[in-house]
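What follows is a set of notes on a single structure, which appears directly below.
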Amino acid sequence: MDVTTPANAPWLIAGLGNPGPEYAMNRHNIGFMVADLLAERIGGRFKRAGKAQAQVVEGRIGPVGPAGRRVVLVKPMSFMNLSGGPVNALRDFYKVPAAQIVAVHDELDIDYGTLRLKLGGGDNGHNGLKSMTKAMGPDYHRVRCGIGRPPGRMQVADFVLKDFSSAERKELDWFVDRAADAVECLVTEGLERAQGTYNS
């Protein structure tokens, strides 16, 4: 029996990306990369979430034991532009208030390697955020991982669906690690502290 109530609901952390090995190293999949690292840190493995079109890991972030914050890490398996359906289904199942939902995603309008955290706002043309906002409204947290703008006349869709460049890959582990740190700080210490530490 599900005994979750809004008062003891976990944080729902959705790393956004596209499923399948051909997308694994795309710029658009940095949310999946961060979710994978967070799962590794809490000692969990992603598994299919019942009827929801997603993979999940449940665990705790922060101090060891009951003081740690309950989290559900989510990777929607629906492709980016339909992310909202699986995340919303899990939000309903776990009875998570909007203020405890986090989307981790790529952001074109921020330089590569830069993080910005915020609560609410528009989707800035990002199809994953567009889908989430349509499903549940805009009042969730975002951890925005800068990937920069496409060079020259390259189309945005081509740019985000390409792998990180060899130069970018030299910094990628550090960037994903820092983004995971930012998510942990947001969950355990709140948005203001996380913004002060990680926004640049």
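Worth saying up front: this structure is predicted, and the values here are computed from it rather than measured.
The distance from atom OG of Ser165 to atom CG of Leu172, rounded to the nearest 0.5 Å, is 9.5 Å. A distance of 11.5 Å separates CG of Asn199 from CD of Glu192, quoted to the nearest 0.5 Å. Here Leu37 contributes atom CG and Glu184 contributes atom CD; the two are 8.0 Å apart, rounded to the nearest 0.5 Å. Going from atom NE2 of His28 over to atom CG of Leu108 covers 8.5 Å, rounded to the nearest 0.5 Å. From Gln100, atom CD reaches atom CZ of Arg70 across 10.0 Å, with rounding to the nearest 0.5 Å. For the atom pair SG (Cys145) and CZ (Arg178), the distance works out to 11.0 Å, reported to the nearest 0.5 Å.
Using cut-offs of 30° and 60° for the angle between ring planes, the Trp11 and His141 rings count as tilted. Ring pair Tyr112/Phe175 is perpendicular by interplanar angle, where above 60° counts as perpendicular and below 30° as parallel.
Side chains of Pro86 and Met77 form no contact here, defined as non-hydrogen atoms less than 4.5 Å apart. In this structure, Asp123 and Ser131 have side chains that are not in contact, with every pair of non-hydrogen atoms separated by 4.5 Å or more. You'll find the side chain of Val143 stays beyond 4.5 Å of the side chain of Val34, heavy atoms only. Side-chain atoms of Val187 and Ile13, non-hydrogen and from C-beta on, do get closer than 4.5 Å to each other. At a threshold of 4.5 Å between non-hydrogen side-chain atoms, the residues Met33 and Met25 count as touching. Proximity of Phe164 to Ile30: side-chain heavy atoms (C-beta onward) are separated by under 4.5 Å at one or more points. Side-chain contact between Asp36 and Phe46 is present, with heavy atoms from C-beta onward closer than 4.5 Å.
A salt bridge is defined here as a Lys NZ or Arg NE, NH1 or NH2 lying under 4.0 Å from an Asp or Glu carboxylate O, and Asp163 with Arg169 fails to meet this definition. Ionic pairing of Glu168 and Arg27 is present here: one or more N-O contacts between side-chain nitrogen and carboxylate oxygen are shorter than 4.0 angstrom. At a threshold of 4.0 Å, the pair Asp181-Arg41 counts as salt-bridged, since one of the basic side-chain nitrogens sits closer than that to a carboxylate oxygen.
For Arg149 and Phe159, the positive end is not near the middle of the six-membered ring at less than 6.0 Å and at most 45° from its axis. Phe93 does not carry Arg91 over the face of its six-membered ring by the limits of under 6.0 Å from the centre and within 45° of the normal.
By the criterion of side-chain heavy atoms lying less than 4.5 angstrom apart, applied directly or through intervening Ile, Leu, Val, Met, Phe, Trp or Tyr residues, Val183 is not grouped with Ile110; the two fall into different hydrophobic clusters.
For the residue pair Asn18/Asn26, the side-chain donor-acceptor check at 3.5 Å is not satisfied.
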Please test Leu186 against Leu191 for side-chain contact (heavy atoms from CB on, under 4.5 Å), starting from the C-alpha separation and ending with a verdict. CA-CA 5 Å; Leu186 170 62; Leu191 179 61; 3.9 Å; yes
For Leu129 and His105, run side-chain contact (heavy atoms from CB on, under 4.5 Å): C-alpha distance rounded to whole Å, both residues' side-chain angles, the deciding distance at 0.1 Å, then the answer. CA-CA 8 Å; Leu129 296 183; His105 63 92; 3.5 Å; yes
Worked verdict on Val102 versus Leu12 for side-chain contact (heavy atoms from CB on, under 4.5 Å): CA-CA 6 Å; Val102 184; Leu12 195 64; over 6 Å; no
Using the side-chain hydrogen bond (donor to acceptor under 3.5 Å, both in side chains) rule, take Tyr94 and Glu58 through it: C-alpha gap first, then chi angles, then the decisive distance, then the call. CA-CA 11 Å; Tyr94 289 101; Glu58 296 184 43; 2.7 Å; yes
Checking Val57 against Ile42 for the side-chain contact (heavy atoms from CB on, under 4.5 Å) test, could you report, in this order, the C-alpha distance in whole Å, the side-chain angles of both residues, the deciding distance, and whether it holds? CA-CA 9 Å; Val57 173; Ile42 65 177; 3.8 Å; yes
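In Lys118, the NZ atom is crowded: over 12 heavy atoms of neighbouring residues, nucleotides or ligands sit closer than 6.0 Å. For Glu22, the CD atom counts as densely surrounded, since its 6.0 Å shell holds more than 12 non-hydrogen atoms of other residues, nucleotides or ligands.
Closest of all the heavy-atom pairs between Asn29 and Gly17 is OD1-CA, 3.5 Å. The two residues Leu117 and Ala194 make their nearest non-hydrogen contact at CD2-CB, 3.7 Å. Nearest heavy atoms, Val87 versus Pro76: CG2-CG, 3.9 Å. Contact record, Ala54 with Leu90: CB-CD1, 3.9 Å, taken as the closest heavy-atom pair. Closest non-hydrogen pair, Thr114 versus Ser200, comes out as CG2-OG, 3.3 Å. When every heavy atom of Met132 is checked against every heavy atom of Leu16, the shortest pair comes out as SD-CD2, 4.0 Å.
You'll find the ring centres of Phe32 and Tyr23 outside the 6.0 Å limit.
Of the residues Arg144, Arg142, Glu107, the one that meets the side chain to side chain donor-acceptor pair (under 3.5 Å) test with Asn124 is Glu107. Across Asp109, Asn81, Asp106, a single residue satisfies side chain to side chain donor-acceptor pair (under 3.5 Å) together with His126, and that is Asp106.
Side-chain atoms of Ser83 come within 3.5 Å of backbone atoms of Met80 as a donor-acceptor pair (strictly under, hydrogens ignored).
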